[in-house]
Participant: 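Here's a structure for you.
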Amino acid sequence: MTTKSKATTVNRCVRGMVAGLLLTLAASALAHHGWSWAEEKQTTLEGKIVSVSMAPPHPQLQVEAADGARWQIDLGNPSQTERSGFTAKSANAGDQITVLGNRNKEPGKRHMKAVRITVDGRNYDIYPERLAGTP
């Protein structure tokens, strides 16, 4: 095998690995950021904020429900969440919150994607297009 054919084989192998990696990352991002993991029906959760994180890839809240269960609440991406009016200064640990959103399909998993959050009487519509029929 000549040096040129070895280089061609290596180039093909590297390109194949890079393409595979990119496909894997794309599939992972779509699965994570889509709605396929969430129930169709929207539900409401009321509780107390434990923590607020505005870090990418999407801001999250930790919320303690009345029964003491802790929930992870995913908001939109940082710019989308900010467009809703919600920022790191909008809520603090200890604040009461109402979350309208879609629960994780996995039974028993305390994880929800927020469509609207309400803190101190103010609505923050994270996904306003998903609020059909909601005042």
Side-chain angles (χ1 to χ4, degrees):
M1 185 178 272
T2 67
T3 304
K4 186 175 182 179
S5 62
K6 284 181 185 177
T8 301
T9 301
V10 169
N11 284 340
R12 284 184 187 148
C13 184
V14 169
R15 282 192 302 240
M17 289 188 304
V18 168
L21 177 62
L22 289 174
L23 286 172
T24 300
L25 290 172
S28 174
L30 286 173
H32 178 73
H33 289 99
W35 292 83
S36 62
W37 60 268
E39 293 178 349
E40 285 289 321
K41 178 182 160 200
Q42 291 180 348
T43 57
T44 300
L45 172 71
E46 294 184 357
K48 177 177 64 175
I49 296 174
V50 176
S51 66
V52 177
S53 169
M54 299 301 284
H58 50 78
Q60 293 181 350
L61 306 173
Q62 295 294 317
V63 174
E64 184 178 302
D67 65 359
R70 188 169 290 192
W71 286 76
Q72 175 182 316
I73 309 299
D74 292 346
L75 305 178
N77 66 53
S79 61
Q80 181 177 11
T81 299
E82 191 174 305
R83 278 192 305 272
S84 78
F86 189 82
T87 67
K89 296 179 182 180
S90 300
N92 298 298
D95 289 348
Q96 293 297 312
I97 187 169
T98 301
V99 181
L100 172 68
N102 301 75
R103 291 180 59 155
N104 194 303
K105 287 180 182 175
E106 190 176 318
K109 190 160 187 177
R110 295 181 179 113
H111 181 210
M112 182 181 239
K113 191 164 188 173
V115 172
R116 169 186 280 169
I117 58 174
T118 305
V119 180
D120 197 26
R122 179 167 178 197
N123 290 334
Y124 299 94
D125 295 337
I126 310 298
Y127 291 97
E129 70 279 6
R130 298 182 72 89
L131 285 170
T134 304

Participant: Which heavy atom of Pro59 sits nearest a heavy atom of Pro78, and at what distance?
Facilitator: CD-N, 3.8 Å
Participant: Can you tell me how far apart CG (Asp125) and CD1 (Ile117) are? Round to the nearest 0.5 Å.
Facilitator: 9.5 Å
Participant: What distance do Glu39 atom CD and Met112 atom CE have between them, rounded to the nearest 0.5 Å?
Facilitator: 8.5 Å
Participant: Measuring from atom CE of Met54 to atom CG of Leu61, what distance do you get when rounded to the nearest 0.5 angstrom?
Facilitator: 8.5 Å
Participant: To the nearest 0.5 Å, what is the distance between OH on Tyr127 and CZ on Arg116?
Facilitator: 15.0 Å
Participant: Side chains of Val50 and Glu64: does their closest heavy-atom pair fall under 4.5 Å?
Facilitator: yes
Participant: A quick test of your reading: do over 12 heavy atoms of other residues, nucleotides or ligands sit less than 6.0 Å from CD of Glu129?
Facilitator: yes
Participant: Could you tell me whether the side chain of Lys48 and the main chain of Ala66 form a donor-acceptor pair under 3.5 Å?
Facilitator: no
Participant: For Val115 versus Trp35, what's the shortest heavy-atom pair and its separation?
Facilitator: CG2-CH2, 3.9 Å
Participant: With a cut-off of 6.0 Å (strictly less than), are more than 12 heavy atoms of other residues, nucleotides or ligands near CD of Glu82?
Facilitator: no
Participant: Ala114 and Val99: which non-hydrogen atoms are nearest, and at how many Å?
Facilitator: CB-CG1, 3.9 Å
Participant: Hey, are the side chains of His111 and Trp37 touching, using non-hydrogen atoms and a 4.5 Å cut-off?
Facilitator: yes
Participant: Just how far is it from atom CD of Gln96 to atom CD1 of Ile49, taken to the nearest 0.5 Å?
Facilitator: 8.5 Å
Participant: Of all heavy-atom pairs between Ala69 and Arg110, which one has the smallest distance, and what is that distance?
Facilitator: CB-NE, 3.2 Å
Participant: Any donor-acceptor pair under 3.5 Å linking the side chain of Ser53 with the backbone of Gln60?
Facilitator: no
Participant: OG/Ser36 to NZ/Lys105 distance, rounded to the nearest 0.5 angstrom?
Facilitator: 6.5 Å
Participant: Verify side chain to side chain contact (heavy atoms under 4.5 Å, CB included) between Leu45 and Ile73, making sure each step is shown before the conclusion.
Facilitator: CA-CA 10 Å; Leu45 172 71; Ile73 309 299; 3.8 Å; yes
Participant: Minimum heavy-atom separation for Lys109 to Arg103, with atom names?
Facilitator: O-NH2, 4.5 Å
Participant: Could you report the tightest heavy-atom contact between Ser84 and Ile126, atom names first, then the distance?
Facilitator: OG-CD1, 3.4 Å
